[in-house]
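Read the structure below first, then the notes.
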Number of protein chains: 2
Amino acid sequence: MQQSFESLIDNYLPGQSVDCVIIGYASGELKILLLQWKATKRWSLPGGFILKDEDMDKAALRILKERTTLEFPFIHQFYTFGNYRRRDISNLNKELAAMNINSPKVNEWFRQRFISTGYLAMVNLDKAKPQPDELSIKCDWMPADKLPPLIYDHNDIVAKALEYIKMRVHFLPVGMTLLPEKFTMNELRLLYETILQRSLDRANFQRKMLKLGVLIRLEKHFAGNAHKAPYLYKFDKKMYNAFQKEGIGFV
Amino acid sequence: MQQSFESLIDNYLPGQSVDCVIIGYASGELKILLLQWKATKRWSLPGGFILKDEDMDKAALRILKERTTLEFPFIHQFYTFGNYRRRDISNLNKELAAMNINSPKVNEWFRQRFISTGYLAMVNLDKAKPQPDELSIKCDWMPADKLPPLIYDHNDIVAKALEYIKMRVHFLPVGMTLLPEKFTMNELRLLYETILQRSLDRANFQRKMLKLGVLIRLEKHFAGNAHKAPYLYKFDKKMYNAFQKEGIGFV
DNA sequence: TTCTTTTGTGTCAAATTAACACAATAAGAT
DNA sequence: ATCTTATTGTGTTAATTTGACACAAAAGAA
């Protein structure tokens with residue numbers, strides 16, 4: 001590993017990184033995909049570097065794919081973090097030593113100042129299979145509202161991402177990649193409530209969503225419960241995409 | 001200049017830049033501050049580089065101050081442009097030659113790939129005094145809706161900035177730095193119409209703005225016209241700031 | 001059957017929006 | 001002084017949206 005990363009360094013743009021906030025959703029909770037580093041046991045966002053001939057967006061997609069083995073139809077760049085002291089590297093030597101890395105080149109690489117751009121991706125937890133990389137001990141989903149302390153400014157990055165998705169949900173449909181293919185109106189509303197951190201009136205939410213025109217009603221879903229069976233819905237991809245492309249759909 | 005920039009290069013983060021979209025407002029038009037380069041006569045946004053020990057936000061403020069000799073109470077980072085081929089440097093040699101720059105170091109600097117973060121600032125045109133720098137022939141306000149072709153991807157950067165301010169104006173007060181200290185309700189509404197690119201009902205706009213609570217009504221303004229004199233208003237800075245700090249004031 | 005729980009839709013007041021109305025008024029014209 | 005013109009501040013009213021709650025239908029268990 002040590003060798004391989006050292007040899008890769010020359011392919012990357014120095015000083016630039018991408019950090020991905022991968023949001024998943026399960027059992028009424030937003031989860032964030034985190035890595036735990038072998039050496040330090042500290043948690044961080046999955047991130048990576050940009051190849052010298054690679055668009056930054058493409059780098060984000062590549063990194064996302066590496067971590068989740070999924071393709072993402074939508075990713076959202078939400079902010080770039082450029083504070084001088086955003087990364088605390090005071091323990092870098094120890095950390096690299098603990099990883100058995102003694103290459104001066106690698107040391108120098110991580111010692112640089114990095115400006116990092118945050119990308120948000122959303123994924124259905126059933127589909128995403130976290131893949132810890134060689135430097136990480138674990139790769140796990142953690143509840144967004146009680147994350148452990150993360151390295152550098154990664155807690156700030158997550159906070160910005162959550163703020164960003166909260167903003168989006170106010171005027172754009174959200175859920176395509178967070179929910180399974182078919183879902184009930186209740187599941188969709190619970191997702192919205194989780195994102196917005198407040199409860200929404202069931203009746204009014206349903207009316208509003210149906211009126212928007214991004215949902216297609218499917219067959220009923222008999223869950224075996226002793227009560228009326230809800231309809232299943234799926235997103236009307238054309239409408240959903242149209243909304244996404246409109247960008248911030250004001251005016 | 002050539003010498004001085006060459007000597008400055010070592011102080012800057014390589015591959016990183018900041019581009020500023022400085023929006024001004026006058027006579028019912030949004031204007032963008034542009035520079036015209038001596039050598040190529042081509043127009044560009046005012047931009048600059050980030051000092052190695054400088055926060056990126058601070059770099060944006062510094063660059064803005066250099067161009068306008070103003071302090072900005074608010075700047076807004078809106079997007080980071082990281083496409084591999086965003087800068088066309090095919091004529092770089094000619095351009096540098098035309099500027100009498102033959103330093104290989106400077107050549108190499110501009111030949112790098114840059115990832116650039118866009119910052120938006122808004123300024124009252126009466127106050128801002130454009131300062132062409134040594135490499136620029138002109139420094140001028142141009143109407144936002146009919147800009148000349150700009151270098152690199154700067155037209156895209158402006159488009160993103162205009163989209164961003166359009167978004168902001170929907171849920172945050174805008175105008176503090178764009179309008180003079182005192183203004184009429186009509187002037188404020190015209191600004192909003194210019195940003196949103198559509199007309200707004202005069203009566204309803206007035207009611208809504210007053211209800212928001214960010215305006216303080218001042219004395220009447222007798223313009224010497226043969227009709228009823230309008231009130232002047234100023235922003236209630238406390239309220240205005242509160243709105244800004246709430247960030248994207250959703251819930 | 002009856003009971004429990006959840007769903008889809010209904011209702012209705014309150015708030016907001018959109019469109020237009022109109023008297024008040026500043027200053028020039030008569 | 002009075003009339004005229006253009007613009008302003010506020011009023012009105014219908015249409016639409018929002019928020020809160022109501023209620024019958026329905027699925028399965030008791």
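Chain identifiers are assigned alphabetically (A, B, ...) following the order of the sequence lines, protein sequences preceding nucleic acid strands; residue numbering begins at 1 within each chain. Every value quoted in this text rests on a predicted model; they were computed, and no experiment measured them.
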Check your understanding: Parallel, tilted or perpendicular: which fits the ring planes of A/F81 and A/Y79, with parallel below 30° and perpendicular above 60°?
Key -> perpendicular
Grab the N/O contacts between the protein and nucleotides 28-30 of chain D below 3.5 Å, and write none if there aren't any.
| from | atom 1 | to | atom 2 | distance (Å) |
| --- | --- | --- | --- | --- |
| D/dG28 | O4' | A/N225 | O | 3.4 |

Review point. Does any N or O in the side chain of B/E193 come within less than 3.5 Å of the main-chain N or O of B/S199, such that one atom is a donor and the other an acceptor?
Key: no
Practice item. Report, as a single string ordered 5' to 3', how protein heavy atoms within less than 4.0 Å touch nucleotides 9-21 of chain C: B base, S sugar-phosphate only, - not at all. Key: BBB----SSBBB-
Study note, to complete from the structure: Whole-Å distance, A/H221 NE2 to C/dT6 P, equals 15 Å
**Study point:** Electrostatic pair A/K146:A/E29 at N-O distance under 4.0 angstrom
**Key:** yes
Practice item. May I have the step-by-step check of side-chain contact (heavy atoms from CB on, under 4.5 Å) for B/D140 and B/L34, ending in yes or no? Key: CA-CA 5 Å; B/D140 226 345; B/L34 296 179; 5.9 Å; no
Check your understanding: Partners of B/L212 by side chain to side chain contact (heavy atoms under 4.5 Å, CB included), sequence neighbours excluded?
Key -> B/M209, B/V214, B/F243
Practice item. Report the nucleotide, chosen from C/dT6, D/dG9, D/dA27, that has the shortest atom-to-atom distance to any side-chain atom of A/A229. Key: D/dA27
Point to revise | Distance in angstrom units between A/M185 CE and C/dT7 P, rounded | key: 11 Å
Study note, to complete from the structure: Taken to the nearest whole Å, CZ/A/F205 to C1'/C/dG8 is 15 Å
**Study point:** side chain to side chain contact (heavy atoms under 4.5 Å, CB included) partners of A/K65, counting only residues at least two apart
**Key:** A/E71
Review point. Rounded to whole angstrom units, what separation is found between the CD atom of B/E219 and the P atom of C/dA26?
Key: 14 Å
Check your understanding: Can you list every salt bridge (charged side-chain N to carboxylate O under 4.0 Å, His left out) pair that touches residues 206-220 of chain A, not counting sequence neighbours?
Key -> A/K182-A/E219
Point to revise | C/dT25 base / B/K228 side chain donor-acceptor hit below 3.5 Å | key: no
Please list every donor-acceptor pair under 3.5 Å in which a side-chain atom of residues 152-160 of chain B meets a protein atom from a residue at least two apart or in another chain.
| from | atom 1 | to | atom 2 | distance (Å) |
| --- | --- | --- | --- | --- |
| B/Y152 | OH | B/R87 | NH2 | 3.4 |
| B/D153 | OD1 | B/R86 | NE | 3.4 |
| B/D153 | OD1 | B/R86 | NH2 | 3.1 |
| B/D153 | OD2 | B/R86 | NE | 2.8 |
| B/H154 | ND1 | B/L45 | N | 3.0 |
| B/N155 | OD1 | B/L150 | N | 2.7 |
| B/N155 | ND2 | B/P148 | O | 3.4 |

